[in-house]
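FYI, the numbering just counts along the sequence from 1.
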Amino acid sequence: MLAELAVILLVTSVCKGLPFYNGFYYEHILNNKTNNGNGEVIHFNGVRLVVNTLDDPLFGYRGGNATLPCTFHYEPKLNSTRKYRVKWSKLHKDNTKERDVLVAIGLRHRSFGEYKGRVHLIQKMPNEVSLVITDLRLEDYGNYKCEVIDGLEDESGIVELELRGVVFPYQPHGGRYQLNFHDAKKACEDQDAMMASFEQLFKAWEEGLDWCNAGWLMDGTVQYPITLPREPCGGKEMPPGVRSYGERHKHLHRYDAFCFSSALKGKVYYLEHPEKLTFAEAKAACQDDGAQIAKVGQLFAAWKFIDLDRCDAGWLDDGSLRYPIAFPRPNCGPPEPGVRNFGFPTRHMKFGVYCYKMS
């Protein structure tokens, strides 16, 4: 009994005061001092840890994989191998930490939250601590910090991950300006999308998006993109650009939404059916075909990434009627490519339907 108590006290005394983070004790990897064999402690001076990451954004697609490069070295170069720990974290726009992604010490590592089972380190060369994210999700875009700590130094670098995608304006069945911020966020998610960021909207504007209705963005601001200035949209004298109403009250104020979608894991197609269908019949017909009725974000993604082109209006999941045109031609809407929108007809009317089938 006394021997067991002695062991418990010894373990407690050893662990007391040790740095602890997400289940890891770090005392055994502190390298800021060493013993020369004579009981004297030698401190390292003038050694600098340098972390290297990409300067340019890294691009990926939903469902794909992305490797966020990160390496480190010492100046001046050290002859001996040093122990270190690595921490990857996701950042807010202002580069403050949003959430932990992965922590690693040697061969031990731990991932967190929605990253569990989707991230790991890749170390193909000495001092490489790159992060691999598999099965990319819409919310994975943003800035990631690669932090290397060895007790001597704590240095980090930032990698920006962007997703290739498409931004689209969204109005619900009730019409224009019906959504507060929280409603807008849910409306995008319901259509297999997420609320767009300002950066995503700005890029869409650079690619030609022109929309005169203001919509919510992820940062809580309300904005809209104009490529062709005109009176109802800020005036003819205003230069082209993304117009901003600034931040609005997330519960009280109501606008449209700008949503963002990326590549699909499945296929969107127009269902060849002998008859036109009501909305209820359209949903059932897709199910009978081993699919489900397509969502708005899925139709936009198919139009954007695989040039889905069909001059037939069809039902979508939200009850709207739309069709995608990648190659404009007479009798198929305006001269620009896009997803044509016929609004929300009464659901007993009969049209075609767009279905979505997982690969």
Side-chain angles (χ1 to χ4, degrees), residues 60-65 118 134-140 163-175 185-196 257 259-334 336-359:
Y61 293 89
R62 177 168 59 177
N65 301 335
R118 294 198 300 127
T134 62
D135 190 20
L136 285 171
R137 302 173 182 176
L138 292 178
E139 59 270 20
D140 287 340
L163 292 190
R164 301 285 190 186
V166 56
V167 172
F168 60 94
Y170 186 78
Q171 294 178 355
H173 187 275
K185 184 174 183 293
K186 185 177 185 303
C188 290
E189 292 170 353
D190 286 346
Q191 296 308 311
D192 195 39
M194 65 180 294
M195 197 180 294
C259 305
F260 174 83
S261 187
S262 186
L264 300 171
K265 292 183 179 181
K267 173 187 177 184
V268 174
Y269 60 97
Y270 183 84
L271 181 65
E272 300 294 346
H273 197 275
E275 299 177 351
K276 298 298 184 182
L277 307 164
T278 66
F279 178 72
E281 291 169 342
K283 293 185 72 173
C286 287
Q287 292 172 355
D288 290 343
D289 200 47
Q292 61 187 26
I293 190 168
K295 298 176 182 290
V296 177
Q298 293 166 345
L299 186 67
F300 268 95
W303 164 77
K304 175 75 173 181
F305 291 107
I306 64 170
D307 288 333
L308 184 63
D309 183 277
R310 181 84 188 208
C311 198
D312 293 291
W315 289 108
L316 294 179
D317 178 76
D318 65 342
S320 64
L321 193 68
R322 306 176 193 242
Y323 66 95
I325 296 297
F327 308 103
R329 53 199 179 276
N331 303 318
C332 293
E336 302 81 21
V339 175
R340 318 299 193 215
N341 184 4
F342 284 93
F344 295 85
T346 56
R347 296 192 174 192
H348 68 270
M349 296 181 68
K350 296 197 172 187
F351 302 98
V353 60
Y354 287 91
C355 303
Y356 174 71
K357 184 178 293 186
M358 288 291 291
S359 298

(request) Determine, step by step, whether Arg322 and Asp312 satisfy the salt bridge (charged side-chain N to carboxylate O under 4.0 Å, His left out) criterion, reporting the C-alpha distance in whole Å, the side-chain angles of both residues, the deciding distance to 0.1 Å, and the verdict. (result) CA-CA 8 Å; Arg322 306 176 193 242; Asp312 293 291; over 6 Å; no
(request) Check the pair Asp318, Tyr170 against side chain to side chain donor-acceptor pair (under 3.5 Å), reporting the backbone distance first and the verdict last. (result) CA-CA 11 Å; Asp318 65 342; Tyr170 186 78; 2.7 Å; yes
(message) I want to check something: taking the side chain as every heavy atom from C-beta on, are Gln191 and Leu299 in contact at a cut-off of under 4.5 Å?
(response) no
(message) If I take atom NE2 from residue His273 and atom NZ from residue Lys350, how far apart are they, to the nearest 0.5 angstrom?
(response) 10.0 Å
(request) Evaluate the ring pair (Phe, Tyr, Trp, His ring centres under 6.0 Å) criterion for residues Tyr61 and Phe305: first the C-alpha distance (whole Å), next the side-chain angles of each, then the deciding distance (0.1 Å), finally the verdict. (result) CA-CA 10 Å; Tyr61 293 89; Phe305 291 107; 5.7 Å; yes
(request) Of all the heavy-atom pairs spanning Asn65 and Leu136, show the shortest one and how long it is. (result) C-CD1, 4.1 Å
(message) Which residues pass the side-chain hydrogen bond (donor to acceptor under 3.5 Å, both in side chains) test with Lys283, not counting sequence neighbours?
(response) none
(message) Using every non-hydrogen atom in the two residues, find where Ala285 and Leu271 come nearest and quote the distance to one decimal.
(response) CB-CD2, 3.6 Å
(request) Heavy atoms only: give me the nearest Tyr323-Gly333 pair and the separation to one decimal. (result) OH-N, 3.7 Å
(message) Between Lys295 and Asp317 (salt bridge meaning N to carboxylate O under 4.0 Å), is one present in this structure?
(response) yes
(request) Can you sort out the partners of Glu139 under salt bridge (charged side-chain N to carboxylate O under 4.0 Å, His left out), two or more places apart, ordered by chain and number? (result) none
(request) Identify the heavy atoms of Arg347 and Thr278 that sit nearest to each other, and give their distance. (result) O-CB, 3.4 Å
(message) Using the salt bridge (charged side-chain N to carboxylate O under 4.0 Å, His left out) criterion, which residues pair with Asp190? Sequence neighbours excluded.
(response) Lys186
(request) Not counting sequence neighbours, which residues clear salt bridge (charged side-chain N to carboxylate O under 4.0 Å, His left out) with Asp288? List them please. (result) none
(request) Check the pair Asp140 / Arg118 against salt bridge (charged side-chain N to carboxylate O under 4.0 Å, His left out), numbers first and verdict last. (result) CA-CA 11 Å; Asp140 287 340; Arg118 294 198 300 127; 2.9 Å; yes
(message) Measuring only between side-chain heavy atoms, which start at C-beta, is Gln292 closer than 4.5 Å to Gln287?
(response) no
(message) With heavy-atom distances below 4.5 Å as the criterion, would you say the side chains of Asp307 and Phe327 are in contact?
(response) yes
(request) Hey, could you give me the CZ/CG distance between Phe344 and Leu316, rounded to the nearest 0.5 Å? (result) 9.0 Å
(message) Is there a side-chain contact between Asp135 and Arg62 in this structure, where contact means two heavy atoms from C-beta onward sitting under 4.5 Å apart?
(response) no
(message) Run Phe260 and Val166 through side-chain contact (heavy atoms from CB on, under 4.5 Å) and show every step you take.
(response) CA-CA 6 Å; Phe260 174 83; Val166 56; over 6 Å; no
(message) Between Glu189 and Met195, is there a side-chain heavy-atom distance shorter than 4.5 Å?
(response) no
(message) Is any side-chain heavy atom of Asp192 closer than 4.5 Å to one of Leu264?
(response) yes
(message) Using the rule given for side-chain contact (heavy atoms from CB on, under 4.5 Å), can you reason through Phe168 versus Asn341, listing the C-alpha separation, both sets of side-chain angles and the distance that settles it, and then say yes or no?
(response) CA-CA 12 Å; Phe168 60 94; Asn341 184 4; over 6 Å; no
(message) Any non-hydrogen side-chain atom of Glu281 less than 4.5 Å from a side-chain atom of Trp315?
(response) no
(message) Just verifying a value: how many Å separate Ile293 CD1 and Gln298 CD, rounded to the nearest 0.5 Å?
(response) 10.5 Å
(request) Please list all pairs passing the salt bridge (charged side-chain N to carboxylate O under 4.0 Å, His left out) test where one or both residues lie in residues 266-277, with sequence neighbours left out. (result) Glu272-Arg310
(message) For Tyr270 and Tyr354, take the angle between the two ring planes, folded into 0 to 90°, and tell me which bin it lands in: parallel under 30, tilted 30 to 60, perpendicular over 60.
(response) perpendicular
(message) Quick test of your reading: applying disulfide bond (SG atoms under 2.5 Å apart), list the pairs with at least one residue in residues 271-330, sequence neighbours left out, ordered by first then second residue.
(response) Cys286-Cys355, Cys311-Cys332
(request) Would you give the length of the straight line joining atom CZ of Arg164 to atom OG of Ser262, rounded to the nearest 0.5 angstrom? (result) 10.0 Å
(request) Taking all heavy atoms of Ala193 and all of Ser261, pick out the closest pair and write down the distance. (result) CB-CB, 4.2 Å
(message) If you compare all heavy atoms of Pro324 against all heavy atoms of Trp303, which two are closest, and at what distance to 0.1 Å?
(response) CB-CB, 4.0 Å
